[in-house]
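I have placed the structure first, in the form of structure tokens, so that the comments after it can refer back to it.
Below, chain A is the first sequence line, B the second, and so on; all start at residue 1.
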Amino acid sequence: MILPLHEQLKARVRAVLAERYEITDPDLNVPVETPPNRTMGDLGTPVAFDLARRLRKAPRVIAQEIADALGPLPGITKVEAAPSGYLNVFLDRPAFLLARLGVAGSLPAPTPRSDKTIVEHTAINPNKAAHIGHLRNSALGDTLVRALRFRGSPVEVQNYIDDTGVQVADVVVGFREFEKIDLAGAKHLAATTRFDYYCWDLYARVTEWYDGDKERLKIRQATLHDIEHGVEPTASLAAFIADTVVRAHLKTMARLNIDYQLLTWEGDILRLKFWARAFDAMQATGAVYLQNDGKHAGCWVMKIDDPDAAATPEDDDPESREKVIVRSNGTAVYVAKDMAYQFWKSGLLGHDFYYRPFATRLNGEPLWATTSDPALAVKDHPAFGAAAATYNVIDVRQAYLQKLLKQALTAIGHPAEAERLTHFSYEMVALSHATAKELGFAPAEGSDEAKKPFVEVSGRKGLGVKADDLIDRVIAKAQSEVERRQPDLSDAERRRIAEDIGVAAVRYFLIKYSRTKVIVFDIDEALSFEGESGPYLQYAVVRANNIFQKLQDRLGIDQAAMLAPLPTMPPDFINGSDGDHELWALVLEAARLDDVVEQVVRTLEFAVLAKYGFALAQMFNAFYHRAQILNEERDDVRRWRAAAVAYFRMQLTRMLELMGVAVPPRM
RNA sequence: GCGCUCGUAGCUCAACUGGAUAGAGCAUCGGCCUUCGAAGCCGGGGGUCGCAGGUUCGAGUCCUGCCGAGCGCACCA
């Protein structure tokens, strides 16, 4: 944990700039970085470069003047102006490490944050099994939740369930038209088959069927109408399908240690007339108005004030500057429901759901769901909604709609809330041609599809890798590796370990790419446990844990006993008096976790977290090979090394928790 | 047509809000299991950072133009 030191250094440098140069701009940045290596320093700032022109002095000279004026700082032993112009500082290494291990000294308590934050992620249409594209959303969303909590923010995780959309309607059509299955039949099916897999295939067949004769789309429209208006028996069948598939999704996500606090159902938003409330607010503030002329005559429209978001291909016509919100027949478009939902999230709707317990969370607490039925409502529930900040985790293809949401908030007079709404956007997952071929989805030679750099995943076509299939394959691979290496363990133990490894492999794979990059999914790459992979990180911690296990087994010494004498031992070894700073480098890198989490939350770039964990594990592995502990005879050296390893394993374990990954006892 | 994103080693990707010598994994070549676990470590080869200008003490990073790829732009959801 290094951020408190950053803050202290920044504050002191600012004070010096004010005293010595009378520079007090509040927005003057004092960036704190980590120099390339430990002989140059532990923290550094290029602040002198910014001031060079202003002060008409060389950066080197300015850095030196600041260094001279800084005075003594707690935890810092030396400040140095590098020839390059950087201002570098050196930390009190023994004090730094021992405080973080709780052996000696103390750390400042972190300042708690109080602003409630809602994170919405997953939101899979409840009409088929989850696939790898959905998994990217959930992995990013869940890691965001964990990162926010790590830094002390209270978070509410929601999963939006579109139970009244066309996708569910399509599967209902399949049940009726192809299978002649009613509600009782569907219940029987759910009890005897993989229901979400069954729906996966059925959905693809329905899509194909529509393509055969466009007249059939009328059946979809009628079905959708019946679902929205609660017309039986369609409504009950649709509700059963959605409920069953949602429960399957929850199971799939639970395998990856992903869960939620609240499921918000679109049907409840409809039945509780959230849109009517939102519409009132939008009319009252002039956010929407009735268009009398042109092609949007008779529609309620919202002005699009961002020229980036032109609504139609024809530019320069006035209609392209407005978005239809309510059609001329009086029905609201899709995004209208999202607006109502967003108003509720931001605490601006003045109306609430009823709530019912739906399932049990991973931690044993109830998972709540919204309901519109007072008979099902449970009074004693946590307060939901009305957050100070919102993150909507949803892929980049929805960027336009998310922009409209933000604009709607501004339009009803709440620019601050709009500012605190973040579209966490990420690119989609596609299949490599090799993997698509392996799955039997090779596009026809010479077709447009075949010329593309990748094959697009499509739930509509049933083209994709199902999440559970992927997880099964990864775990099976891990299982065979564990069986080879751990013959003395029981089957159950090996299974547990294989599951931990599988989760690590899948989750690491899903966050290691920048969110702006399309993941071209390749099955062999996802199944790799070598090099930059989740299991590599786990393996490093397992080895570190083993050292302490062996200390206990062979010598009867636990970690506390090993580290207790360090405050009175010579610090030469951690100080690198012999010119070797490898041990200290490992400690300092391990301490950067809070800095990395801060950066990750600021930029929503979780690849940075993944890379950090990997680099840290790499440093440890190198150290591990060079520096023995059990066989080291010099007592001080042995204990300093043990301290470094103790801190490393603590920090990398925490990093793995941030991506929902556990460390197995062996692997 | 307009907008957003991407283009870095043979392949897949990094490069912290413009900073110190552009780094990893895979692949390839060569070493290391009688020392805390080889899912590992050490080393070699491999780069006009798409192209051309510009801003800056400093550009892979910012600006402009061009080339190539992907996505989005409905009274669909």
Test of understanding: with salt bridge (Lys or Arg N to Asp or Glu O under 4.0 Å), list the residues that count as partners of A/D395, not counting sequence neighbours.
A/R397

Dot-bracket pairing map - RNA chain B, Watson-Crick plus G-U, both contacts under 3.5 Å, | cross-strand:
(((((((..((((.....[...)))).(((((.......))))).....(((((..]....))))))))))))....

Residues forming a salt bridge (Lys or Arg N to Asp or Glu O under 4.0 Å) with A/E532, sequence neighbours excluded
A/K611

Enumerate the residues from residues 534-546 of chain A whose closest heavy atom to RNA chain B is under 4.0 Å, giving them by residue number; use none for an empty result.
A/Y536, A/Y539, A/V542, A/R543, A/N546

Contacts of A/K550 meeting side chain to side chain donor-acceptor pair (under 3.5 Å) (sequence neighbours excluded), chain-then-number -> none

Counterpart residues, side chain to side chain donor-acceptor pair (under 3.5 Å), relative to A/D163 (two or more places apart):
none

Nucleic acid contacts - residues 520-531 of chain A versus RNA chain B, non-hydrogen atoms under 4.0 Å:
A/E525, A/F529, A/E530, A/G531

Using a heavy-atom distance cut-off of less than 4.0 Å, which residues of residues 610-619 of chain A contact RNA chain B?
A/K611, A/F614, A/Q618

Expressed as a whole number of angstroms, how long is the span from A/F509:CZ to B/C13:C1'?
11 Å

For A/K214, which residues count as a side chain to side chain contact (heavy atoms under 4.5 Å, CB included) partner, sequence neighbours excluded?
A/D211, A/L217

In whole angstrom, give the distance that lies between atom CE of A/M339 and atom P of B/A77.
13 Å

Residues forming a side chain to side chain donor-acceptor pair (under 3.5 Å) with A/Y513, sequence neighbours excluded
A/E525

Residues that A/Q552 engages under side chain to side chain donor-acceptor pair (under 3.5 Å), provided they are two or more places apart:
none

Determine, for A/F548 and A/R649, whether the Lys NZ or Arg CZ falls below 6.0 Å from the six-membered ring centre while staying within 45 degrees of the axis.
yes

Quick test: give all pairs of protein nitrogen or oxygen and nucleotides 15-18 of chain B nitrogen or oxygen below 3.5 Å, distance rounded to 0.1 Å.
| unit_1 | atom_1 | unit_2 | atom_2 | d |
| --- | --- | --- | --- | --- |
| B/C16 | O2' | A/Q599 | OE1 | 2.7 |
| B/C16 | O2' | A/Q599 | NE2 | 3.1 |
| B/U17 | OP1 | A/R602 | NH2 | 3.0 |
| B/U17 | O2 | A/N29 | ND2 | 3.3 |
| B/U17 | N3 | A/N29 | ND2 | 3.1 |

